[in-house]
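Start at 1 and go down the list; that is how both ligands and their atoms are numbered. In what follows, residues are counted from 1 in the order of the sequence shown.
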Amino acid sequence: MYSYLTISSIFLATFAGATAASNYGEYEYVVVGSGPGGGTLAANLARAGHSVFLIEAGGDHGDELLQRVPSFSGNAAETANQSWSFFVNHYQDDTQARRDDKFTYSFPNGSYYVGLNPPESTTPLGIFYPRGNTVGGSSQVNAMNFALPPDNDWKYIAELTGDDSWLPESMRQIYIDLERAHSVPPGTPGRGFDGYISSNLNNVSYVTNTTHVAAVVREGIRRLEGIEVEDQTHLSELLQREINALDTPMYGNGSWFQMPVHVDSLRRRSGARNFIIDTIQRENEDGSQAYPLTLSTHSLATKILFKQDGGEPRAVGVEYLQGEGLYAADRRYDEKTSGELQKVFASREVIVAGGAFNTPQILKLSGVGPSKELKELGIPVVKDLLAVGNYMQDNYEGGVRVRASTDWDFPYEARCFSGSGECLTEWLEHGQSILGEAGAPVSFTYRSSVSENEDADLFFFGTPGAVFTGFFPGYSTAFVFDPPVFTWSIVKMQTGNTAGTVTLKSSNPRDVPIINFNYFQEMADRDLQAMAEGANYIIEVFQNLGSPYTPVEVIAPNPELDVNQALMDEAFSHHVTSTCRMGPKDDPEYCVDSTFRVNGVKGLRVVDASVFPRTPGGFPVAPTFMIGLKAARTILAELVSES
Ligand SMILES: Cc1cc2nc3c(=O)[nH]c(=O)nc-3n(C[C@H](O)[C@H](O)[C@H](O)COP(=O)(O)OP(=O)(O)OC[C@H]3O[C@@H](n4cnc5c(N)ncnc54)[C@H](O)[C@@H]3O)c2cc1C
Ligand SMILES: *[C@@H]1O[C@H](CO)[C@@H](O)[C@H](O)[C@H]1NC(C)=O
Ligand SMILES: *[C@@H]1O[C@H](CO)[C@@H](O)[C@H](O)[C@H]1NC(C)=O
Ligand SMILES: *[C@@H]1O[C@H](CO)[C@@H](O)[C@H](O)[C@H]1NC(C)=O
Ligand SMILES: *[C@@H]1O[C@H](CO)[C@@H](O)[C@H](O)[C@H]1NC(C)=O
Ligand SMILES: *[C@@H]1O[C@H](CO)[C@@H](O)[C@H](O)[C@H]1NC(C)=O
């Protein structure tokens, strides 16, 4: 059963050796970042026969259990060699910022203090915000929730840019082409079965077999949808309605369902990493490499190289540092070690896909960004572009936690975490046991009174018997099992706040930029009202359950505070987007046009979550996989029309 691991490890050892060599070569395309955006783009271009050099700051850990086992995902997000630890500001107002008990400080010895009463010797860091730093990007360490956005989010891009290829019907085809669905029968309209990203649902019987949790779902469905759940089979059918179904009907007035996840039929993580490695490993009959994809791991891109071409700058290559732990967000960072400087050239294009924090940093370091900021740091301006690092957005998440009068009895199967290996075998051989289950067994959408259209504007996911308050150092190991507590996360869609920024702290590419989310600066009343209405609904569900569940104590939003204040104090997020937003071509308020080209620069595109003009739906990863494939097709279509 371990043969897959062994074969891959041998292969990877050989492969890692091959990429360690110095490289001053030339490729058609150089891609920076191997996440859902850049990784799938690079692999698709190579599969179409084009040479691609893929630069990734992290290493490959895709065969480690930490990345493969769904229930270990939180740990992967906090492992030093797989994830970067950013610290961000939710608010620039210190008083408001430090009302959050997740606010983190550092002791002089580097240890963290998290909480409301920091000792005097500490210095404030901000709010912990992990990002994948590994082959496959954040899709290797995330919670795998794989929900498409409402169709209106694609319509918005089509209208903003005047480009019909962004309409929902075309985007649906992209989704069909990349998906390999395991939760619906082959032939289901609007779903894909031959793609490179697997999708599946959790095992619904964990919910339907657990009487107390099932009681919450029944009451929730009754109040929200007016459906009386007849029995366990009926409940199971209702929960297996698909949020990713054609025309996304679940995004209307609200429904209960199970969260889709990017795992395969045996509940192993599926993501950009598998597709990249599979593309590299493919051989022709004579044993030669089938697709011209070269992956350079442990390579931190520091600068895009430009030359003048007919009065406009053209991106012609990338400089990078080879070495491990070179970036200050890496927990292994040591400023005394320095990497080896390398260069690689692109005969056609450079594509930046470092994620929504790193993409604007790389562009700015290379002279593409707001000229005032660049000049202050002595960076020569290649293209003055205001939208780089501005208009940053995210889905707010708000916590609802209640303590019932009885335990929820959700079967976390303590045996699986005892290290006995019994569950690991069940998971490896059959994809079973709680190890294969992702974090959120139940979900629902909710349409508040302030939704801007006919869609639900909130997306909830729930975890019975556990406390989760958001992100702070140690969050993955501090995850507390508390049997009578039920935690819900309210994910706010239809983002109202575009006031976030990523600005350079210095011109040193190893430094982390300054990240200000400026929460609730725009449309605060609307967003808070929506979240409060959603919180009210689910609290009422609990309060109406009767014996043996009630009375139910509400823990969050803190009932002793005004609800808006309580939501603002605890709000968190981890779906950052829009720091190089897409819009009308050559409009300086926007960073890229509808074909991902950076405004005013030749040979340069951005293909990652930075380009969304609004955070899509409640979960960015599925739409980011989609733009990776869309960008590949756009580039290939342009080549055909040129020739
Ligand atoms: C803990 C966690 C949980 C999440 N849960 C979910 C979820 O359940 N559902 C969901 O939809 N979304 C979730 N997300 C968010 C989602 O994973 C991201 O939105 C998505 O991966 C973004 O893709 P991307 O390609 O834009 O960037 P990323 O996936 O972040 O990839 C960027 C890659 O670029 C590399 N890179 C950056 N800078 C450089 C450089 N200078 N040189 C070389 N390489 C560089 C990074 O190492 C990284 O591998 C979660 C994220 C995290 C961290
Ligand atoms: C990465 O870190 C983990 C946890 O510290 C460790 O078990 C693993 O061996 C490391 N992997 C590599 C390739 O360094
Ligand atoms: C760092 O200092 C703090 C405060 O003195 C202490 O509590 C902590 O244990 C120290 N950490 C380490 C790793 O020494
Ligand atoms: C739920 O109950 C059914 C019927 O007893 C059983 O077959 C199934 O294994 C149970 N599910 C879990 C996760 O234990
Ligand atoms: C939502 O509810 C309204 C009012 O009851 C109804 O008119 C509308 O058709 C519903 N929308 C959906 C998608 O079911
Ligand atoms: C759900 O888990 C139970 C217990 O491991 C198992 O018997 C059942 O076959 C699983 N069902 C699915 C659809 O995986």
Distance-only donor-acceptor hits, side chain of residues 237-244, under 3.5 Å, sequence neighbours excluded:
unit_1, atom_1, unit_2, atom_2, d
Gln240, NE2, Ser236, O, 3.4
Gln240, NE2, Ser236, OG, 3.1
Arg241, NE, Leu238, O, 2.8
Arg241, NH1, Glu225, OE1, 2.9
Arg241, NH2, Glu225, OE1, 3.3
Arg241, NH2, Glu225, OE2, 2.9
Arg241, NH2, Trp256, O, 2.9
Glu242, OE1, Arg191, NH1, 2.8
Glu242, OE1, Arg191, NH2, 3.4
Glu242, OE2, Ser183, OG, 2.9
Asn244, OD1, Leu148, N, 2.8
Asn244, ND2, Phe146, O, 2.8
Asn244, ND2, Tyr175, OH, 3.1

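A side-chain donor-acceptor contact under 3.5 Å links Thr134 to the backbone of Gly59. When atom types are taken as modelled, the side chain of Thr445 and the backbone of Met250 share a donor-acceptor pair closer than 3.5 angstrom.
Considering Asp101, Leu561, Asn558 in turn, Leu561 is the only one that fulfils the side chain to side chain contact (heavy atoms under 4.5 Å, CB included) rule with Asp569.
Here Arg403 pairs with Asp482 in a salt bridge; the nearest charged N to carboxylate O distance falls below 4.0 Å. A salt bridge does not link Arg68 with Asp264: none of the charged nitrogens is closer than 4.0 Å to a carboxylate oxygen.
Ligand 6 places these atoms under 4.0 Å from at least one heavy atom of Arg267: 14 (O). When each atom of ligand 3 is checked for a heavy atom of Ser111 under 4.0 Å away, the hits are 1 (C), 10 (C), 11 (N), 12 (C), 13 (C). Of all atoms in ligand 3, listed by their number and element, those nearer than 4.0 Å to a heavy atom of Asn109 are 1 (C), 2 (O), 3 (C), 8 (C), 10 (C), 11 (N), 12 (C), 14 (O).
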Please tabulate, one line per pair, the protein nitrogen or oxygen atoms found under 3.5 angstrom from a nitrogen or oxygen of ligand 4, with distances to 0.1 Å, or say none if there are no such pairs.
unit_1, atom_1, unit_2, atom_2, d
ligand 4, 2 (O), Asn209, OD1, 3.2
ligand 4, 2 (O), Asn209, ND2, 2.3
ligand 4, 11 (N), Ser205, OG, 2.8
ligand 4, 11 (N), Asn209, ND2, 2.9

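Dense packing is recorded around CG of Asp93, with more than 12 heavy atoms of other residues, nucleotides or ligands lying under 6.0 Å away.
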